[in-house]
Structures are given as structure tokens and as C-alpha cells.
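Structure, as C-alpha cells:
Ligands are counted one by one from 1 in listed order, and the atoms in each one are counted from 1 as well.
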Amino acid sequence: LKWSSRLEKHAASILDTLINNQFQAYWVGGYVRDRLLGRAIQDIDIATSAKPDEVMALFERCEPTGLQHGTVLVIMNGLPFEVTTFREETGYEDFRRPAEVVFIQDIQGDLSRRDFTMNAMAIDRSGRLIDPFGGEEDLRQGVLRCVGDPHMRFGEDALRILRCVRFAAEYRLTIEEQTWNALLTQAPLLKHIAMERVRTELERIVMGSDPGRGFQLFIESDLYRHFKSGTTIPFEYLAKVEQEKLSAIFTAIEESTVRWSLLFLVMCMSSEQASVAMRTLTFSNQKLAEISAIISVHEWCLMDSDDLSKPSNLESILKLSAVRYGLVATRLWLKMITLGIDLIQGGIPHPSDWSKIALQGERWLQELPVYHLRDLKIKGTDLINHGYIPGPDIGEILNKLLQETALGLVDNEKQQLLLRANELIAGKSDQE
Ligand code: CTP
């Protein structure tokens, strides 16, 4: 067996150590699957007849990450490898975890507890494939099939329902009929799965190689209606969008925040609705803020406003967007519509303007002399030193100055800004 990477060489030396000490050891799980498919290898899992304490005794650097499930993390040259004792699982609790793990002595028993045939294969030290459930043939045929009884597999661990959709999308597999039927029957069990887990799987679908297919499967199966915290994500909107087109556009976008923003917009969600959905899905506050900012830029650029303070030309609207929502969010939004305009065109009033913004937007942003208060050459204290009364008016004046400076109506220069501040204050008192 030839090793193509440093990761594989270290994994081989772990197998050698175990075998030289009279234990059985194999490569298992995702590594075997991805190797057969010729895909990039992210990590390598090892299964062995050695018990966790026996594994710990053989390797210098170990972390007991999941001892109760038989897993020890062995670290070789800084690279982590999960080494797990052959096991059977019984009495599943909460439709997620086995109540009891029994360590066993043969690889066949260990493979039979796994979720899908393509994940239930092992490779021994000589490179021989151990494939009791026909995983290799299923992969060749492009079929995703549960090991044994699919109702039981999904019933033991409902997260597998989402894994099924993720794998079918990522590897472009057809879900075998009985597996699909069991997925539909067991879908209500998803209510037992923590929303963090749901988010992680959704994130992998959104960032994967064929998100359009993942979403289509969500629509066909209605899975999203069974999430623990009733989700407010209207996946059904995606039914109108061509799956291949959606995937082609999504995979051209690198940033997760941009893919999610586009997804919410294709589903006609407002920044507020998206925030509620992201909170339900336990997004981090930072990611939630980044995504809502991108959607807010979109809403700001779209709004046919009665807001008289809003400029009527696109260039000024975009420049003010950088002031209101930040340069980063505005750039990401530009990227999103440049690539994804076809998916959200339904809601856009003037298509010609939008193609213009995609072409010229970056240049407009580069022209911005200033977009943040900290860069303005005048501060609140300067205004107070010139006799202005401290209070909210100062903030309002500074914001107005920032906007005018961003639009190039006033130079970012202290004297000029002070003069303009005087005019604004005078205008204000005229109004009163
Ligand atoms: N497994 C399982 N049921 C689960 C999770 C995992 O049977 N709910 C088994 C599968 O055999 C899987 C292996 O444990 O291949 C390792 O799981 P994990 O590392 O989560 O996934 P991978 O299959 O390696 O794939 P990926 O890393 O893409 O999630």
C-alpha cells in the first residue's frame, strides 16, 4: 500500500505499533470511503482490538477524549488520530447516544454498528479491503444505503437522518429506496437532535459541493419541519430554483457568510427573519451579525424609499452602505450579488442598475475617503471645545458629517468640517 501523505505515514506507524503488540488494527470510516473515491483526506480513524488503556500504554502522546466510547486521541508529530476499540452499541438513549458500549474482539461486529455501507468498510495493514455490506459496490453504483435495517439505524441515532442528506448531496449519491422510506418515517425523531448538531450538518451542506441537491432533499422529505426548535427557514421557496444553477453559484462563493446570506435572500427572508432563524440554529453572535449585515446592505440598496435622506443614485447608496453597515459587509454583499444576482433577481426593481453596481461597486468603494467615525478628522470633543452642548445632537451632527464626507461633499479636514457643523446646527435651529 502506497502512502500519499504525511498523515497516512503516521497512521501506518500507529497500525504497526498496535499489530507488533499482538492487537488487531484497521483504518476505518470516512478515510476508507474517501480513499476509494480518490477524495482529499481530512483525518484518519483507526479501529483496534486494544482497549483504551492498552492504547494509552503504547503511545507517548495521547488524550483520553472519549474513553467511555473507547476512543483515545493519539498524537503523532502534532497530528491527531482517533483510535477506537472495536465496539458494539446497545440501548440507544435520546435517539442520539448508545446507553452501553461493549468492547468486542472482531472488526466485523464493529463495522455492523455503523450508519451507511460506504462508512462500514475497513482497510488492513496490507491494503486489503474488508467490506461485509457491499459499500464499495454501492459507491460504484452511486447508492447511499444503511447497514442492515434502516429504521433501526435512524432510530438509534437520529442525527444519521441529516448525515444521510449531507452525504447524498456531497457525494452526489442516490438514496436507496428502503433507506429513503425509513428516513421519511423516522424524520419526526429529529426533534431529539440538539440544534447545534442540526446547524453543523446544515453548514456542511451549505459549504459542500452540491448544496442545491441537499436543499432539494430537504424539500422532498420535509425534514426541516421536524427540527427541535420549530424552524423558521422556509426551504420550500427553494423549490422554484433550478438545483444545478444554485449549486454552481454557491460553490463559486468561498465565504460561508456570503453563502448563508444568499440562501436567506433566495428564500425571501428579511434580515430580521434571518436573525431569528440563525438564533434558533445557534449561530455564534459574530456570524449572526456578519450575515445580518450583508442582508441589511441588500435591503438598504433595494429599498424604494420614502426616506428623503436617502440618495437617489446607486453610487451614493453604496457608499453610504459602507458607512451604515461597514466596508466588509458591503464588499461581501457586492460579491454576493455579482455571483448570485440570477438567484435573487425576482425582488430587484431595476436589473440594469444591478449589473452596473456589480461592475462599478468596488471602484466606488475604493474612492471612499472615509467610512468610519474614527477616521473623521473631527471628534465630539472638538465640537464641545467650540461651544456645542454635549448631548445626542453631537452624535447626530458627527454622523451627518461622516456621510457627507464619505460622499465627497465635504473634505475630511478639520476647519471645513467645523464650518459645515455650524451650518448644520444653524439649519437645525432654523427648523425649530
Ligand atoms: N458513524 C455512525 N453514525 C454516526 C456517526 C458516525 O455510524 N452518527 C460511524 C461511521 O462509520 C463513520 C464513522 O463513525 O464513518 C466516523 O464518523 P465521523 O467522523 O462523524 O464521520 P465520517 O464518516 O468520518 O465523515 P465526515 O468526517 O465527512 O463526517
Side-chain angles (χ1 to χ4, degrees), residues 7-8 11 26-48 65-66 69-74 79-90 92-99 101 104 107-123 129-136 138-139 144-173 179 182-183 186 189-190 192-194 196-211 214 223:
L7 200 64
E8 288 177 312
Y26 299 87
W27 291 286
V28 285
Y31 166 70
V32 178
R33 173 194 75 219
D34 289 341
R35 212 185 131 90
L36 289 182
L37 290 170
R39 287 174 69 111
I41 305 300
Q42 313 297 341
D43 50 31
I44 302 184
D45 293 341
I46 292 164
T48 178
T65 45
H69 294 115
T71 302
V72 173
L73 200 68
V74 173
L79 298 170
F81 297 86
E82 274 193 3
V83 179
T84 305
T85 310
F86 299 152
R87 64 176 202 234
E88 269 170 4
E89 299 172 342
T90 47
Y92 287 80
E93 273 175 349
D94 320 325
F95 306 96
R96 178 71 193 101
R97 274 174 295 269
V101 164
I104 54 173
I107 183 72
Q108 300 269 344
D110 184 82
L111 294 177
S112 65
R113 72 168 167 89
R114 295 173 183 262
D115 50 5
F116 303 104
T117 59
M118 67 172 194
N119 288 342
M121 298 182 277
I123 296 181
L129 185 71
I130 293 119
D131 177 18
F133 307 102
E136 189 184 26
D138 278 345
L139 274 184
L144 183 59
R145 183 197 312 269
C146 279
V147 171
D149 177 353
H151 280 90
M152 279 175 65
R153 290 291 92 83
F154 292 132
E156 288 159 357
D157 177 357
L159 185 68
R160 288 171 172 164
I161 296 170
L162 294 177
R163 283 169 63 88
C164 185
V165 170
R166 191 225 318 158
F167 285 130
E170 183 60 33
Y171 297 83
R172 299 193 164 95
L173 303 171
T179 297
L183 177 141
Q186 299 287 46
L189 295 180
L190 277 178
H192 300 288
I193 299 298
E196 282 99 310
R197 294 291 189 152
V198 173
R199 176 186 24 90
T200 309
E201 289 297 326
L202 277 182
E203 173 79 7
R204 293 183 75 172
I205 293 170
V206 168
M207 292 310 289
S209 62
D210 197 348
L223 282 189

**Message:** Please give me the minimum heavy-atom distance between Asp115 and Arg160, naming the atom from each residue.
**Reply:** CB-NE, 3.3 Å
**Fill in**
To the nearest 0.5 Å, atom CG of Leu173 lies from atom CZ of Phe167 at 9.5 Å
**Message:** Under 4.0 Å, counting heavy atoms only: does Asp157 come that close to any atom of ligand 1?
**Reply:** yes
**Prompt:** Starting from atom 7 (O) of ligand 1, which protein heavy atom do you reach first, and at what distance in Å?
**Reply:** Asp115 N, 2.8 Å
**Request:** Without swapping roles, check the side chain of Arg114 against the backbone of Val147 for a donor-acceptor pair under 3.5 Å.
**Result:** no
**Prompt:** Which atoms from ligand 1 have a heavy atom of Gly30 less than 4.0 Å away?
**Reply:** 15 (O), 23 (O), 24 (O)
**Asked** Judged by non-hydrogen atoms, does Glu170 sit under 4.0 Å from ligand 1?
**Response** no
**Asked** What residue and heavy atom of the protein are closest to atom 19 (O) of ligand 1, and at what distance?
**Response** Asp45 OD2, 4.0 Å
**Message:** Could you check whether any side-chain N or O of Arg153 sits under 3.5 Å from a backbone N or O of Phe116, counting only pairs where one atom can act as donor and the other as acceptor?
**Reply:** no
**Complete:** If you scan protein heavy atoms around atom 3 (N) of ligand 1, the nearest is Arg160 NE, 3.0 Å
**Message:** Checking a contact table here: which protein heavy atom is nearest atom 9 (C) of ligand 1, and how many Å away?
**Reply:** Arg114 NH1, 4.0 Å
**Fill in**
Near Gly29 (heavy-atom distance under 4.0 Å), the atoms of ligand 1 are 15 (O)
**Atoms of ligand 1, numbered as shown, that sit under 4.0 Å from any heavy atom of Arg166** = 26 (P), 28 (O), 29 (O)
**Prompt:** Closest heavy-atom contact between Tyr31 and Ile41?
**Reply:** CD1-CG2, 3.6 Å
**Asked** Can you tell which of Glu82, Glu156, Arg33, Arg204 gets a heavy atom nearest to atom 25 (O) of ligand 1?
**Response** Arg33
**Request:** For Arg172 and Ser209, indicate whether the former's side chain and the latter's backbone hold a donor-acceptor pair under 3.5 Å.
**Result:** yes
**Request:** Could you tell me the residue and atom name of the protein heavy atom closest to atom 11 (O) of ligand 1, and the distance to it rounded to 0.1 Å?
**Result:** Asn119 O, 2.9 Å
**Message:** For the CG atom of Leu144 and the CZ atom of Arg166, what is their distance to the nearest 0.5 Å?
**Reply:** 11.0 Å
**Complete:** the protein heavy atom lying closest to atom 1 (N) of ligand 1 turns out to be Arg163 NH2, 3.8 Å
